[in-house]
Amino acid sequence: MIKVRNLSKHFGELVVLKDISTDISKGEVISVIGPSGTGKSTFLRCLNLLEVPTGGSIFIDDVPLLDKHTDVPKLRQKMGMVFQSFNLYAHLTVLENLTIGPVKLLGKKRAEADEKAFELLKIVGLAEKAYSYPDELSGGQKQRVAIARCMAMEPEILLFDEPTSALDPTMVSEVLAVIRRLSREGKWNLQGTLPAGCFIWTKG
Amino acid sequence: MNNYLKFLVLSVIIFICGCGHKKDVQITNLLMLKGGKTFAVPTGTAADRFVMKKFPDAKIEYYNSVLDCSLAVKDGKADAAVYDLPVLKNIAAKNGGLIVLDELLFDDQYGFAVRPEDMALKSTMDEVLARLKSDGTYQEMQKRWFPDKGNPGPMPEIKFTNEKGILRFGTAAVSEPMSYVDSSKQVVGFDIEYASYIAKKSGKVLEIVNMEFGAMIPALISGKVDMIGAGLSITEERAKKVLFSQSYYPSGIAAVVKDNREKKKATTESRMKTLADIKNRRIGVLLGSVHDAYATKQFPNAAIFQYPNLSDLLFGLNSDKVDVAFSDQSSVNDIFNKNLGLGILAKNVFTVNIGAGFDKDSDQLRKQFNSFLKEIRSNGVYKDLVERWMDKGLEEMPGITSTNINGQLKVGVVSDLGMPSTVMKNGRLIGFDIELAQRFAAYIHKEFVPVDLQFGSLLASVSTNKIDIIMSSLMITDERKKQIDFSDPYYESGVSVIAKKINIESKTLSGAGTPDEYNEDENGNVSFFKSISNSFYNNIILEKRYLSILDGLKVTMLISILAAILGTLIGSLVCYMRMSKSRFLSRSASVYISILRGTPVLVLLMIIYYVVFASVNINPLVVAVIAFSLNFGAYVSEMFRTSIESIDKGQKEAAIAGGFSKIQTFSYIILPQALRHILPVYKGEFISLIKMTSIVGYIAVQDLTKASDIIRSRTFDAFFPLIMVAVLYLCIAWLFTWALGLIEVSVDPKRKRTRQTEEAKR
């Protein structure tokens, strides 16, 4: 599903990623581990082209990501990303955060998008916060909304960039519980222990 | 809403209080000097002690001389000056504008002194005094040395018989009018006259010994002089050493205050009689006029004040900002009709020829104009024109039709120049120059198109071909000939000097009213509301002047709105360039912003009109919109940039990662949030744009401000049109603030929520 070949990334003189090649197939959960500053985030961000690699190639479902003719935004719609700092849209309600993508990008009807959004909010346990604004939520709640926002786009790949590292311990468990619940109800396959830090999760 | 109302009422109250004629209260007694008033006293005298005793809370300022003290009072720097009564009386009489209070801070008696053993002289002194008082000489002396106005003296000639030798009189000739040195270097004064009578009575010749005040008593005791006196107070201490005469003059420490009653009536000396009297005065002229050059050259010692238009000039004259004003003789009648307090000082100072102005390259048009002049001069049209406008001062404009087959004739006029040249009546331009121009347009079969300019912009406009011809009572001067060509003169105009009647010596006033007839009630103190309603009628209703205001309002709104829209677009573009990754774009945007923000918009406006579009026939309204858009754009772009940069990068990344394109990210995520930051600042910037448009009069656009100038040129009322225009600007500003406020609410997500939840409930 994801094919990485000889991927490298330099920031000026600094070599962050060097000659990385890997294959990730459907249904896999890949943890990227290593001490801080080793390029875990950069690797993830290269996969959806938030960072442009210096060399090598990436294929998503055999589509070359770095090809000029590739419709990158379209590919990104299939790959959700959860950030360390949540990055909710501050001017939109929780509900709108979940529906803006499906409505504007997938062309869904508003009612349909709302229905799906409420369903997801119920899974993450925040249905009653649908009309709240991001600055009215706690950190854990924000991250749960961010995950729900990704799920609303019905992605095939999820990129988690240290989703729990900005939260205090009590909130970490609530976020992890949500991920677990999603894997059950969203027919995503997650077996064994829940990975921490950066991980790539593909739909089975 | 309620708050707005309160604010409005409050401002009106403040305003009314502020504009009511504020009169300084006339101080008439010592009681009124209580309560921390400022006193001027000469240094090194006992005057300050008397002040502190009487007024413990007084503020005391020290001056070098009594005269300086009195002048400080006259200039309003101090409330009162305190010193010896005779000296103050003398200064008040000589300077005017001052009143010596009758009540004294301290009573005092002046006496002459002789040696204690000289009883004979003592009795002579008292005898003489008694005789002077009984035969009326004393009253004459009072009048002579203490006149109500002007200088004391002169000293009468008194013959002495020298059968018994010499009487040496010691005096300190430093206190006018008691004892002082006059202009012919003679020691004279009240004391000297009295001493002369004593010498005469005792059959001696008076010899005056002028000495220091402090040396007088020792000189008397040691026998150097026989008698002393120079405003010498009789005190117990002195009486131990010398023998005093009876008091010959009741004096004391007095206070002098400013005379506010005389404020309106200038003293005889300060009135002007002839043109020569203005050489040290403040002279008002029109900016860039021939008068300006003339006054600067002829009166190098005068202060010349340049005003942009006649109504401002007259307002300056009426409010004593200038003493005299130069004006065209032809306008004088119109001015006097509307300004009862003004009179003529010099009717015809010099004459100049008036001609039409042309660009150096339009010889053909100039020749056409000259032959047109010849024709109307020969067929009587010209004579009729002069008679109606110049001599009779009629304000009727005949209908003149032109075939318009040869295109347009753009005529540069100054709509607020005043009668008889050019004025706006019933929303139409009329006047001598206008009629002449219309007739000329008809003569060459062109359409008459007036272009309303500031007087100072006329020459620039014709040399850049914005207009074809200047018809605005333009005087022909060598200086101007360097820039433009003139037609043959079409009128010879005299230049008059006018001033307030009260400042003109009455003999000089020809015909209308003497200074005394000018009474204030006629002009100022009519009941406030009546004068307001009169003003309203004159400035708004009469001659449909509201039409000017309405047109001006439309133009101001149009320029503001178009410039705001266009400026916002330019601002967005510049902002995009500034934030672009391309160094070239970003750099050029920075340069644009710094240039546009660093240039006054008036200069920009003129550059665009006279330089950039110099040879292009362009509607000045368009130029105004362009200039203001460019300026507004520069400010707005920076506003946009800072707002956009204030949105955190994470949201942008989240949107990009979520599959939004760059444009979608900007319009769905960044813009809605940036708008909330932009709007409050944008509102302020927009309001200042509206106010900035008030300068478009410079390039021949009749906006709201220009409309008030036009009305003022008809009514010479500075107050009402300005206030009304100010109120209208305020209203426009308020309207737009309110409208933008609505938008502000609509982009505030929190306010939107209530609406959404309601929808959801349904």
Side-chain angles (χ1 to χ4, degrees), chain A residues 41 44-45 47-51 71-106 110-111 114 118 130-136 142 145-146 149-155 157-159 161 166, chain B residues 580-583 639-640 642-682 740-762:
Chain A
S41 280
L44 248 61
R45 290 160 67 86
L47 291 183
N48 67 358
L49 233 52
L50 280 181
E51 301 288 354
D71 184 356
V72 178
K74 195 87 194 165
L75 271 185
R76 284 182 183 136
Q77 289 171 14
K78 292 202 284 184
M79 313 164 69
M81 187 167 196
V82 179
F83 297 84
Q84 187 181 333
S85 52
F86 333 128
N87 295 345
L88 296 180
Y89 308 135
H91 63 302
L92 300 177
T93 58
V94 167
L95 183 68
E96 286 166 334
N97 262 281
L98 262 64
T99 55
I100 184 165
V103 171
K104 301 284 184 192
L105 299 176
L106 304 179
R110 163 133 272 159
D114 280 356
F118 272 111
Y131 296 106
S132 298
Y133 282 87
D135 58 2
E136 295 158 345
K142 279 185 198 170
V145 173
R149 181 174 69 181
C150 283
M151 300 306 292
M153 287 294 285
E154 297 173 346
I157 302 164
L158 278 174
L159 306 171
D161 185 4
Chain B
S580 126
K581 284 198 185 99
S582 148
R583 271 191 91 143
M639 208 190 289
F640 283 179
T642 47
S643 304
I644 290 170
E645 282 178 352
S646 71
I647 309 296
D648 89 283
K649 277 215 173 70
Q651 292 188 42
K652 188 179 153 199
E653 269 183 0
I656 295 283
F660 288 97
S661 68
K662 274 188 173 173
I663 297 168
Q664 286 170 324
T665 303
F666 179 76
S667 46
Y668 296 142
I669 309 299
I670 307 294
L671 188 64
Q673 298 188 55
L675 270 182
R676 280 174 59 206
H677 294 275
I678 293 169
L679 273 170
V681 199
Y682 184 89
L740 285 173
L742 286 187
I743 300 179
E744 207 178 335
V745 170
S746 76
V747 299
D748 184 354
K750 300 267 161 85
R751 301 205 193 202
K752 217 167 55 183
R753 170 166 46 184
T754 37
R755 207 176 54 216
Q756 229 172 42
T757 11
E758 275 163 26
E759 270 172 32
K761 274 176 199 158
R762 259 182 271 139

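Protein chains get the first letters and strands the later ones, always in sequence-line order, with residue 1 at the start of each.
- For chain B, the nearby part of A/Leu88 is the backbone; its heavy atoms alone come within less than 4.5 Å.
- With sequence neighbours excluded, the residues forming a side chain to side chain donor-acceptor pair (under 3.5 Å) with B/Ser661 are B/Gln664, listed by chain and number.
- Interface remark: A/Asp135 contributes side-chain atoms only to the contact with chain B (heavy atom separation under 4.5 Å).
- Interface residue A/Leu105: only side-chain heavy atoms are found under 4.5 Å from chain B.
- Taking a 6.0 Å sphere around CG of B/Leu742, one finds it holds more than 12 heavy atoms contributed by other residues, nucleotides or ligands.
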**OP:** Step by step, work out the side-chain contact (heavy atoms from CB on, under 4.5 Å) result for A/Arg149 and A/Val82.
**Re:** CA-CA 9 Å; A/Arg149 181 174 69 181; A/Val82 179; over 6 Å; no
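- Contacts of A/Phe83 with chain B are made by side-chain atoms alone, with heavy-atom separations under 4.5 Å and no backbone atom involved.
- Looking at residues two or more places apart in sequence or on another chain, you find no ring-ring contact (aromatic ring centres under 6.0 Å, His included) involving B/Phe640.
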